[in-house]
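Quick note on labels: first sequence line is chain A, next is B, and so on, each numbered from 1.
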Amino acid sequence: MHIDLNSCFATVEQQANPLLRNRPIAVAAYNSPRGVIIAPSVEAKKLGIKVGFRVMEAKQVCPDIKILEPDTQKYRFIHLCLKGLLLEYTNQLEPKSVDEFVLDFEGAPKFRSGLLEVGGEIKKRIKEEIGDYITVSVGVSTNRFLAKTASNLRKPDGLEEINYVNFDRVYSKLELMDLSGIGKKNLMKLNSNGIHTVWDFYEASPHRLKHIFRSVVGNYWYLKLRGYEIENYKEVRRSFGQQYALSKPVKSLPELTPILTKLVEKMGFRLRNSGYKTQGVHLSMIYKDNTAWHMGRKTKRIIYDSRDIYKEILRLYFMSPPKDITLVGVSCFNLVQADKTQLELFSDISKREGLTQMLDKINNRWGKFVVSPASMLNTKDQVLDRIGFGNV
Amino acid sequence: MAEKIKEPVSVSLIFDHRKRKTLISHVLWHNQPYKITNQGLHHTYKQGSALIHVFSVASDTISFRLVLDSSSLIWILEETYDPNFR
């Protein structure tokens, strides 16, 4: 079963503020003309406003649209409420993002009641227990891909099933781009090989699909379209990252230092809090002339302290071209479990580790950035809390 | 129009033990009482170890974002929204 919270951020805002209900609203990364819309409400979508629009474009379509900035605490709270409710139905629950859940009912007692009935009950309970304005689209099928496809069949507030009886009818109504995983590139590949409809796609042989996708992905599509599950693997965390779009271009290091420090502090805190250390750092930048630069390097030793990560990031920065920066991103990769420590000959690692743990403890107890580097001063309103796509 | 306020405010709160729900009945702000007719959302978050309660509620004409710090029990009006005021 795939459950998708409709227009998540916007609906949660309308739940919180009853005076915004049944009106076109949108949540944008920034409430400025060039801010990008990340969640239009159902009413705004009906007017043609889509994710990715600039605020100024949305206001051209609907001058009365209400723009809000994201309130991540609110969205995380709703996510956790929803997760708690869904766990009452099955323990095989996988949050795909802040607004999407996949539930596997294999072996769950509720399976016997019929999943469409369970889906209906979940929708009813969400309205009663979480918020009367919150709607979800529920899709039921034999694999994750088809369940997601089913949840997209009717939005908002849908409850649909794709099964062996109706799959041909559903496929004949869908377009290739309606399938999750088929974007413009894949569409071109399929079209250039004579596949123009979902039904053509379904009827293609595994050999032909393998030839089109030039990899095992073709076989995966053959199986997915027939309802076999191929995505039941556990996703493993491979990196942590933070990025920030600067309000005005920055060229010099003194100007960039506060932002860079805060990005590294946030990333370091998340890294340690999740029980990891790292042995690789990466820096990426986008410049005013729309060019991009990025570089990553493996570090000689395992690091975890934000100060050490910052030093490594700084080394990368000195290799970058001196141009006006509009977006900066840091990330760390080559993650190792935090219990692995390489002792050093000339410095006391345990002492340093203890200090870092203590600083994290203070920040956990008294709030984020209560103790932080002096170079991070005056960044209170910058690098705000965000929920990335695919993360919570 | 939404307006950031951040000032202390008087709030009447009711706890319904049967429904296990906490409801805000009245808000007194700038000597003006507002009867709350719609409970939007009650959510919480942690600020360090302090649990912060946020009540988003509305009267017939104006909505409020009310914040209660559970460690100090002081109510703060953080934001108002009046759709008719531009």
For chain A, which residues of residues 58-72 of chain B have heavy atoms nearer than 4.5 angstrom: B:A58, B:S59, B:D60, B:T61, B:I62, B:S63, B:R65

What part of A:I78 gets closer than 4.5 Å to chain B, counting heavy atoms only: side chain, backbone, both or neither? side chain

Decide if atom CZ of A:R125 counts as having more than 12 heavy atoms of other residues, nucleotides or ligands within a radius under 6.0 Å. yes

Can you list the residues of residues 23-42 of chain B that sit under 4.5 Å from chain A, counting heavy atoms only? B:N38, B:G40, B:L41, B:H42

Where do A:L20 and B:Y81 land on the side chain to side chain contact (heavy atoms under 4.5 Å, CB included) test, with the steps shown first? CA-CA 9 Å; A:L20 292 177; B:Y81 172 69; 3.5 Å; yes

Against chain B, label A:N31 side chain, backbone, both or neither, depending on which of its atoms sit under 4.5 Å from a heavy atom there. neither

Less than 4.5 Å to any heavy atom of chain B: does that hold for the side chain of A:E13, its backbone, both, or neither? neither

From B:E79 CD over to A:D71 CG, what is the distance, rounded to the nearest 0.5 angstrom? 9.0 Å

Working to the nearest 0.5 angstrom, can you tell me the gap between A:Q73 CD and B:K46 NZ? 12.5 Å

